[in-house]
Amino acid sequence: MILLSQTSPLQAISNHLFPGIELWIKRDDLLHPSVSGNKFRKLKYLLQDLAPDTRLISMGGPWSNHLHALAHAAHLTGLPCSGLVRGLRNPAAALTPTLQDCAKLGMQLHFVSRDTYRQLRLQPQFWQTQIEVDPQHSLWIPEGGMSRDALRGVVELIDELSFLPDTLITACGTGTTLAGLAAGMRGHGRVLGISAVQNADFLSAQVSSLLQQAGYPAWNNIEIKTEFDHGGFGKVSPALRDFCLRFESDYHIKIEPVYTGKMLYAVHQLACSNFFQPGERVIVVHTGGLQGKRGYPEFTKQ
Ligand SMILES: Cc1ncc(COP(=O)(O)O)c(C=O)c1O
């Protein structure tokens, strides 16, 4: 089973919100019509060569881009799939639009407590205590698609570039995309991650471990900024909200505030504080995930 290969455009954009640098945006939001952004790259090789009865099982929150993309990928490849969803559910409450889509696409949803969810993160086999399926015919995919096979798909983003930038920037959740970009850059320039999650000191070790597991060198051109979380994962400060709305209106590119919006706002702030060399050539990655924006009515009302 394979997701068809695709490439995404590299778009030059004006630097009026990002003074002093030359800027391009890698439009991974346009990579695939339904398996959005970095999710396509992370899942591509994981799903290759699986037996047709393999059940894909993963975990995510009620607005998870990863579960949403996985449900689409499973649907496209004809594989059965299950999602372990963070938070026990009041049966009378409506599903989020994300989970409604997942269910429509055939994903079986299992709601787990927050404690169980934490265990799923910590113990690789713990999912087997939560769901009755044959482990021999199942593929467990950790949160966010974090796995060594995911890096190989992300490396292909670099192969698509017509030039290597001085700095390449992505938003980080698990750090898998950042690790894949660093693997693809092979030590060239600087690879910068902007954490979308709070208390992200773990990210640096996680990125190194992913590179090692996947057999790539321990590149030392990786930097991670942890101070642009705006109060936590999914939190949107008024300044971030205003910036995202301004960016969308000036550039005519849709973004969401959880990952790409936070990353672009950080790049804006870094450019305004002379973090970059004058004239530095910077590529930012639009990692997609626009479906998650439905959780933020102030962004969908426009
Ligand atoms: C839209 C979007 N951008 C960026 C990320 C962060 O990716 P990673 O977990 O590989 O760091 C995610 C989460 O997977 C995401 O959904």
Side-chain angles (χ1 to χ4, degrees), residues 8 25-32 34-46 58-73 83 86 96 98 101-102 121 141-157 168-184 191-198 200 202-211 213-214 222-226 228-229 233-234 236 244 253-267 284-296 299:
S8 70
I25 183 163
K26 180 70 169 150
R27 298 290 308 273
D28 266 16
D29 54 317
L30 304 177
L31 190 58
H32 190 278
S34 47
V35 188
S36 170
N38 60 341
K39 304 298 168 306
F40 179 94
R41 299 195 188 272
K42 289 198 272 189
L43 290 172
K44 182 176 168 189
Y45 289 105
L46 267 176
S58 194
M59 61 191 281
W63 295 97
S64 167
N65 293 321
H66 166 64
L67 286 184
H68 197 260
L70 185 67
H72 273 291
R86 187 186 64 236
T96 60
T98 303
D101 290 349
C102 291
R121 273 191 184 138
I141 303 173
E143 191 178 32
M146 179 173 69
S147 71
R148 58 175 194 190
D149 289 336
L151 271 59
R152 200 170 141 206
V154 178
V155 164
E156 293 179 349
L157 183 155
L168 176 64
I169 309 180
T170 185
C172 294
T174 63
T176 312
T177 306
L178 182 67
L181 295 178
V191 187
L192 182 63
I194 308 295
S195 176
V197 302
Q198 212 171 22
F202 69 92
L203 265 179
S204 178
Q206 192 148 289
V207 168
S208 305
S209 159
L210 281 163
L211 282 167
Q213 286 169 43
I222 305 171
E223 259 180 65
I224 301 177
K225 295 274 175 205
T226 57
F228 295 104
D229 65 76
F233 181 67
V236 181
C244 290
I253 296 173
K254 294 277 171 217
I255 54 172
E256 47 68 54
V258 180
Y259 291 103
T260 301
K262 265 185 191 172
M263 180 273 292
L264 287 167
Y265 183 63
V267 178
V284 292
V285 182
H286 189 322
T287 43
L290 292 169
Q291 71 80 28
K293 207 174 175 181
R294 293 177 292 181
Y296 296 88
F299 286 98

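Remember, it's 1-based here, ligands and their atoms both numbered in the order they're listed. Residue numbers start at 1 and run along the sequence shown.
Annotation: atom 3 (N) of ligand 1 to nearest protein heavy atom, Thr287 OG1, 2.6 Å. Counting protein heavy atoms only, atom 9 (O) of ligand 1 is closest to Thr174 OG1, 2.6 Å. Among all non-hydrogen protein atoms, the one lying nearest atom 7 (O) of ligand 1 is Asn38 ND2, 3.1 Å. Annotation: atom 15 (C) of ligand 1 to nearest protein heavy atom, Lys39 NZ, 2.9 Å.
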* Can Ser195 and Thr226 be said to form a side-chain hydrogen bond (donor to acceptor under 3.5 Å, both in side chains), step by step? -> CA-CA 5 Å; Ser195 176; Thr226 57; over 6 Å; no
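Residues Leu181 and Val191 come closest through the heavy atom pair CB-CG1, 4.1 Å. Trp63 and Gln291 get closest at one heavy-atom pair: O-NE2, 3.2 Å. In terms of heavy atoms, Ser36 sits closest to Gly288 at OG-CA, 3.4 Å. When all heavy atoms of Ala183 and Val155 are compared, the pair lying nearest together is CB-CG2, 3.7 Å.
In summary, of the residues considered (Leu264, Leu30, Ile25), a side-chain contact (heavy atoms from CB on, under 4.5 Å) with Ile253 occurs for Ile25 alone.
Distances shorter than 4.0 angstrom occur between a heavy atom of Gly175 and an atom of ligand 1.
The shortest N or O to N or O distance between Glu256 and ligand 1 is not under 3.5 Å. For ligand 1, the polar-atom distance check finds an N/O of Gly173 within less than 3.5 Å of one of the ligand's N/O atoms.
Ion pairing of Glu156 with Arg41 is absent here, as no side-chain N (NZ or NE/NH1/NH2) approaches a carboxylate O to less than 4.0 Å.
Close contacts between ligand 1 and Gly289 involve ligand atoms 1 (C) [criterion: under 4.0 Å to a heavy atom]. Those atoms of ligand 1 that come under 4.0 Å of a heavy atom in Cys172, given as number and element, are 6 (C), 11 (O).
Closest heavy-atom approach to atom 8 (P) of ligand 1 within the set Gln206, Lys42, Met146: this belongs to Lys42.
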